[in-house]
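The structure appears right after this line, and notes come after that.
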There are 2 protein chains.
Amino acid sequence: MERNNDKPQNASLKAYESIRDMILNGEIPTGARIVEDKLASIVGVSRTPIREAIQRLEQEHLIVNKLVVKPEEKELRNSFQVRILLEGYSAHCAAMYFTEHDLESLSECVRIGRTGSIDEIMKANERFHDVIVQASNNPIMIDMIDHMKSIIYLFRRTVISHNRPFLIDEHEKIYQTIRARDAENAERMMKEHLQADLDFSLHFIK
Amino acid sequence: MERNNDKPQNASLKAYESIRDMILNGEIPTGARIVEDKLASIVGVSRTPIREAIQRLEQEHLIVNKLVVKPEEKELRNSFQVRILLEGYSAHCAAMYFTEHDLESLSECVRIGRTGSIDEIMKANERFHDVIVQASNNPIMIDMIDHMKSIIYLFRRTVISHNRPFLIDEHEKIYQTIRARDAENAERMMKEHLQADLDFSLHFIK
DNA sequence: ACAATTCATATTGTATACAAATTTATTATA
DNA sequence: TATAATAAATTTGTATACAATATGAATTGT
């Protein structure tokens with residue numbers, strides 16, 4: 001999810017980002033019915049770009065037949081099952097293919113995770129995962145993980161402000177393992193890390 | 001890829017299926033430029049459903065900025081890397097959650113694989129994988145694998161008529177392993193099976 | 001002959017119109 | 001009062017119009 005700051009040039013992208021964000025921050029509540037005309041007037045574009053945005057959001061499973069998806073435990077589990085698989089393997093690849101620059105980015109994320117403001121910490125933690133996914137060097141995998149971000153973000157919304165204990169410690173260990181080019185353990189630790197994330201989230205959702 | 005025989009009711013789906021099939025069977029050659037108006041008159045609908053179809057095909061990586069994707073070895077490898085991950089894990093899940101009916105379907109596929117006509121064999125082999133993926137019981141994973149089918153099919157187009165030796169034997173072994181509820185080995189064998197498929201395909205692509 | 005510039009054409013992005021389908025409200029009937 | 005039937009309204013799917021962009025051809029100057 002390239003949370004892009006600069007304003008989107010074309011109406012479709014603007015519509016996509018607007019609607020997605022309205023869903024993610026609860027302005028459009030989960031379970032709500034999506035009506036093209038309403039959104040068109042809210043976003044300030046015609047129905048055409050709204051429809052394209054909806055198609056994209058459907059693809060990301062944030063909208064399922066005109067309804068904003070309601071977070072169910074089962075779906076969070078399913079999403080994480082796939083995410084653990086893909087990001088686990090990304091960590092494996094990252095340990096094999098990382099560049100010096102990747103390494104610097106990762107350690108910078110860990111550092112901010114310990115010293116930054118709440119907001120900086122959250123951004124850095126997201127970025128930590130992004131860097132590893134990118135380092136996998138597989139555009140198809142990168143794309144898939146990217147598509148899963150919205151829905152995972154929605155499900156975790158309630159949790160996201162809390163800061164799970166040990167999260168940064170786990171990041172640091174993963175960083176060191178990647179740095180040591182220990183692909184097997186990097187994969188295993190990433191999987192455990194995400195599993196802990198899931199367990200923590202489930203604790204709040206119920 | 002639900003190769004649906006009954007005619008699609010709505011124009012978007014019709015457009016999607018038509019364009020996808022034209023690409024897959026080479027009527028629209030790889031590397032060709034996609035022009036909405038042209039396709040609209042070919043398919044016999046307006047540009048609106050054509051655009052929706054294109055968006056979907058872009059999502060499946062069959063079209064990349066108005067060009068039909070050209071099969072490169074690297075992309076086939078990347079796709080298979082993800083597919084091996086996902087279908088491998090599907091096999092793992094299938095071994096844990098399969099129903100009696102799944103088992104019958106799988107053995108039926110193996111049987112047809114040994115006794116059917118060329119066309120029946122191809123269909124049965126595809127179905128073998130479908131049954132396992134469905135048995136994973138994870139709609140998010142099912143959806144992702146489904147989206148990868150078009151591009152893998154495109155890359156393998158040249159190979160698809162050949163019948164790789166041992167393919168059915170491998171299917172049969174996987175079937176037996178799943179039946180024995182041996183999840184670990186089912187996963188390992190599925191991964192090896194798909195890796196062999198990839199290697200075989202690469203042999204032809206170069 | 002080749003690069004740069006201008007013009008013409010083709011193509012896309014977006015808005016809008018309208019009919020078909022769906023949903024909601026209203027009335028009639030048991 | 002509850003249920004079925006009908007009508008009104010909303011909403012979607014598709015086509016089309018038109019302006020903004022992009023592409024490519026023709027023209028000019030070097």
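In what follows, chains are A, B, ... by sequence order, proteins preceding strands, each numbered from 1.
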Taking side chain to side chain donor-acceptor pair (under 3.5 Å) as the test, write out the residues that go with A:D199, two or more places apart.
A:Q195
Keeping to residues at least two apart or across chains, list the ring pair (Phe, Tyr, Trp, His ring centres under 6.0 Å) pairs with something in residues 120-142 of chain B.
B:F128-B:H171, B:H129-B:H171, B:H129-B:H193
Using whole Å, what does the distance between atom C1' of nucleotide D:dT12 and atom CD of A:Q55 come to?
14 Å
Is there any protein nitrogen or oxygen under 3.5 Å from a nitrogen or oxygen in nucleotides 19-21 of chain C, and what are the pairs?
none

Got A:F98 and A:I132 here, is their nearest side-chain heavy-atom distance under 4.5 Å?
no
Check this for me, if you would: do B:K173 and B:E170 make a salt bridge, where the nitrogen-to-carboxylate-oxygen distance has to be below 4.0 angstrom?
no
Distance, rounded to the nearest Å, where B:K14 contributes NZ and D:dG13 contributes C1':
14 Å
Partners passing salt bridge (charged side-chain N to carboxylate O under 4.0 Å, His left out) against A:R47 (at least two apart in sequence or in another chain)
A:E36
Rounded to whole Å, please give me the gap between CD1 in A:I50 and C1' in C:dT16.
15 Å
Could you encode protein contacts along nucleotides 9-15 of chain C as a string, one character per nucleotide from 5' to 3', using B for base contact, S for sugar-phosphate-only contact and - for no contact, with a heavy-atom cut-off of under 4.0 Å?
--SBBBB
Mark yes or no for whether A:D143, through its side chain, and A:I140, through its backbone, hold a donor-acceptor pair below 3.5 Å.
no
Under the ring pair (Phe, Tyr, Trp, His ring centres under 6.0 Å) test, which residues partner A:Y89, sequence neighbours left out?
A:H92
Lys/Arg cation over aromatic A:F155: A:R77, 6.0 Å, 45° cone:
no
